[in-house]
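Only one structure is covered here, and it is reproduced in the block below.
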Protein chains: 2
Amino acid sequence: MELKQQATVTLAEVAEAAGVGESTVSRVLRNHGSFSGKTRERVMAAVERLGYVPNRIAGTLASTGSRLVAFVIPSLSNIVFPDVLRGASAVLEENRYQSVFSVTDYDPGREEALAAAMLAWRPAAVMLAGYEHTDGTAKMLRASGCRVVELLDLDGDALDIAVGFSNRAAGRESAAFLLKRAYRRIGYVGHDLQRDTRAGKRFSSFCETLEAAGAPLIAREILAGPSSVENGRLGLERLLARATDLDAVYFSNDDMALGGYFHCLAQGIAIPSQLAIFGYNGLDIGRAIPQPLSTIRTPRVATGEIAAQLIVANAPPQVVDLGFELIEGATA
Amino acid sequence: MELKQQATVTLAEVAEAAGVGESTVSRVLRNHGSFSGKTRERVMAAVERLGYVPNRIAGTLASTGSRLVAFVIPSLSNIVFPDVLRGASAVLEENRYQSVFSVTDYDPGREEALAAAMLAWRPAAVMLAGYEHTDGTAKMLRASGCRVVELLDLDGDALDIAVGFSNRAAGRESAAFLLKRAYRRIGYVGHDLQRDTRAGKRFSSFCETLEAAGAPLIAREILAGPSSVENGRLGLERLLARATDLDAVYFSNDDMALGGYFHCLAQGIAIPSQLAIFGYNGLDIGRAIPQPLSTIRTPRVATGEIAAQLIVANAPPQVVDLGFELIEGATA
DNA sequence: GTGAAAGCGCTAACAC
DNA sequence: GTGTTAGCGCTTTCAC
């Protein structure tokens with residue numbers, strides 16, 4: 001316990017040192033209200049001399065709103081969420097907001113507990129992934145009076161603000177694209193759909209679209225655990241062991257699809273003539289492989305940016321559809 | 001401004017509703033001090049009924065330590081930092097700590113401003129990447145009295161706690177490995193070293209090791225901007241246009257190395273017989289490509305975990321070397 | 001086992 | 001333009 005004494009320079013001490021009142025120091029520091037240039041100088045000099053760092057805890061308690069935004073995200077392994085955080089935090093930092101986060105690991109129960117913990121900091125907004133929350137979470141969020149932003153999904157009812165795109169539409173368009181290219185014997189390789197409900201939505205609308213076209217899904221391979229390149233490779237290997245006559249495979253996302261691509265590369269399976277591959281997310285890496293990956297590019301960073309802008313502007317409840325872009329690539 | 005009224009259920013209201021004093025409610029909620037089972041039930045019932053969410057802002061102000069840990073990281077695009085956050089936040093959440101973060105974009109000036117903003121929340125600890133801070137940042141951190149953890153680098157003097165591994169050692173061992181494999185005409189493809197000082201340290205000790213062995217670096221290609229697969233691809237393409245007789249290339253990290261690998265794949269350059277490739281980080285994807293990438297695996301998640309554990313335990317100042325692992329792979 | 005009261009370090013009226 | 005003062009919602013003695 002070698003802790004140095006917590007350097008507790010307070011606003012009162014600064015006021016004392018500068019020979020002014022506390023509220024004057026507060027005004028100068030927040031550049032709010034009126035004070036003379038001379039006063040300002042004396043205050044700043046005292047701040048500098050004492051190395052004063054304002055206490056936001058006290059400040060927030062005394063004032064109304066906190067410049068804090070809470071993120072409750074499913075994962076940090078799936079690049080989607082760091083991307084969203086990146087977009088949001090850039091905008092928030094510009095506006096002198098701060099970001100708190102916690103990771104649910106795709107567990108709705110954890111989400112509820114973590115959201116409660118976040119709410120205890122009285123944030124200006126809570127940002128969560130998607131619409132699948134427990135009743136408890138929804139109730140708590142509604143009761144909190146703080147802004148709520150649901151991200152990356154539009155297939156459901158928003159609590160307050162929603163920013164993202166439709167996963168169902170993405171699944172549908174992916175299927176439509178493969179059908180248009182005349183693929184008819186289509187398989188699927190995915191990861192844990194119970195937990196990643198957005199991947200689940202894409203998959204179900206993908207299947208519906210195939211069925212409607214009279215070319216239902218032939219085979220699927222669903223791996224436990226999160227998406228990864230290795231799981232994609234393994235998944236395709238297993239799928240092809242069971243279904244040898246596929247002409248295309250839809251993957252739950254680009255990580256998985258890359259794994260599939262590498263499997264084909266290693267096995268000498270010609271893409272797309274022998275087997276077509278289609279992903280989801282539009283990661284940069286998909287464009288750097290020898291054959292650009294056919295996929296759907298999602299506006300992940302923009303989702304974060306827009307969400308943050310709406311909070312900073314205290315915008316009214318709304319649903320913002322950012323859409324997505326189908327990239328034809330060379331693998332399907 | 002359609003904000004619902006901020007639902008301000010306070011501890012006082014809970015006390016009132018439960019027919020007990022405020023301090024009793026506080027004791028029950030924190031499970032600290034003594035109270036009867038009956039009292040406990042009544043308090044919990046009132047909490048439930050009113051939907052009370054404790055105000056941590058007030059709680060922290062009234063008590064001593066805050067269960068808040070601040071991360072000041074260079075980037076969220078480089079997977080390294082989400083990995084560290086992931087490890088740390090898992091441990092912190094288990095211990096009911098919360099994580100605040102901000103992103104410096106590799107700018108020491110921004111780091112100083114953001115660190116100051118973080119300090120305003122009086123966190124239990126501030127975690128930063130590496131040792132390269134401005135004098136202002138170092139001074140402020142020291143004066144703050146809060147714990148400081150420097151992550152992912154050990155080549156320098158720690159302010160308080162440091163957790164990570166030596167980037168210089170990593171550069172040295174990478175060079176030694178290539179030399180041992182009898183590569184002698186070695187090149188380098190890297191990203192912005194001014195900003196990513198850890199990559200800079202790896203590179204300089206890599207070069208020193210080559211020189212000491214009488215096989216100095218033949219050529220280098222350094223791209224502006226952050227590391228990416230595409231930049232790696234482009235970098236190798238440019239490098240090979242100038243230096244056609246290389247037998248191995250060292251990349252600033254795995255993202256870059258993957259780009260190089262894909263370039264070779266697309267150009268029909270045989271790996272490793274025509275050209276060897278060596279990376280840094282040991283990303284999972286490097287093991288899923290047809291030829292496993294030769295690289296150094298760094299304990300990124302563990303770095304976050306250990307750092308968090310030390311903070312939770314309020315451990316004394318120390319330097320923790322987690323080391324790294326050289327993966328021989330198939331590309332060098 | 002429990003309650004009353006004094007702060008924690010600020011902000012926001014409100015006087016001057 | 002500036003100081004005084006009353007909270008913000010808790011935790012923490014300290015009596016009882």
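Residue numbers start from 1 in every chain, and the chains themselves are labelled A, B, ... in the order their sequence lines are given, proteins ahead of strands. Remember, predicted model here, so these are calculated numbers, not experimental data.
R30(A) and S26(A) are linked by a side-chain donor-acceptor pair at a separation below 3.5 angstrom, with hydrogens and angles left out of the test. In this structure, a donor-acceptor pair under 3.5 Å is absent between the side chains of R122(B) and T60(B).
The residue from R110(B), M118(B), E112(B) that alone fulfils the side-chain contact (heavy atoms from CB on, under 4.5 Å) condition with V72(B) is M118(B). For the pairing with V163(A), the side-chain contact (heavy atoms from CB on, under 4.5 Å) check across L322(A), L152(A), D321(A) returns one residue only, L322(A).
At a threshold of 4.0 angstrom between heavy atoms, the contacts of S36(B) are confined to the sugar-phosphate backbone, with no base atom among them. Residue S23(B) is classed as a base contact, given a heavy-atom separation below 4.0 Å to a base.
In terms of heavy-atom proximity, Y52(A) sits nearest to N55(A) at OH-N, 4.1 Å. Listed here is the closest heavy atom pair of P74(B) and R198(B): CG-NH2, 3.7 Å.
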Margin query: I'd like to know whether R195(B) forms a salt bridge (charged side-chain N to carboxylate O under 4.0 Å, His left out) with E132(B), so could you lay out the CA-CA distance, the side-chain angles of the two residues, the decisive distance to 0.1 Å, and finally the verdict.
Written below: CA-CA 10 Å; R195(B) 297 159 79 86; E132(B) 277 63 45; over 6 Å; no
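In terms of the ring pair (Phe, Tyr, Trp, His ring centres under 6.0 Å) criterion, F71(B) has no residue partners (sequence neighbours excluded).
Each of R27(A) and S63(A) was matched to the nucleotide of DNA chain D holding its nearest heavy atom; the match closer to the 5' end belongs to R27(A). For the pair L61(B) and T39(B), both in contact range of DNA chain C, the more 5′-proximal nearest nucleotide belongs to T39(B). Each of V25(B) and P54(A) was assigned the nucleotide of DNA chain C with the nearest heavy atom; the assignment lying further toward the 5' end belongs to V25(B).
Think of the region where chain A sits on DNA chain C: with heavy atoms and a 4.0 Å cut, that region ends 5' and 3' at dG9(C) to dA13(C). If you walk DNA chain D from 5' to 3' and mark each nucleotide with an atom closer than 4.0 Å to a heavy atom of chain B, the marks span dG9(D) to dT12(D).
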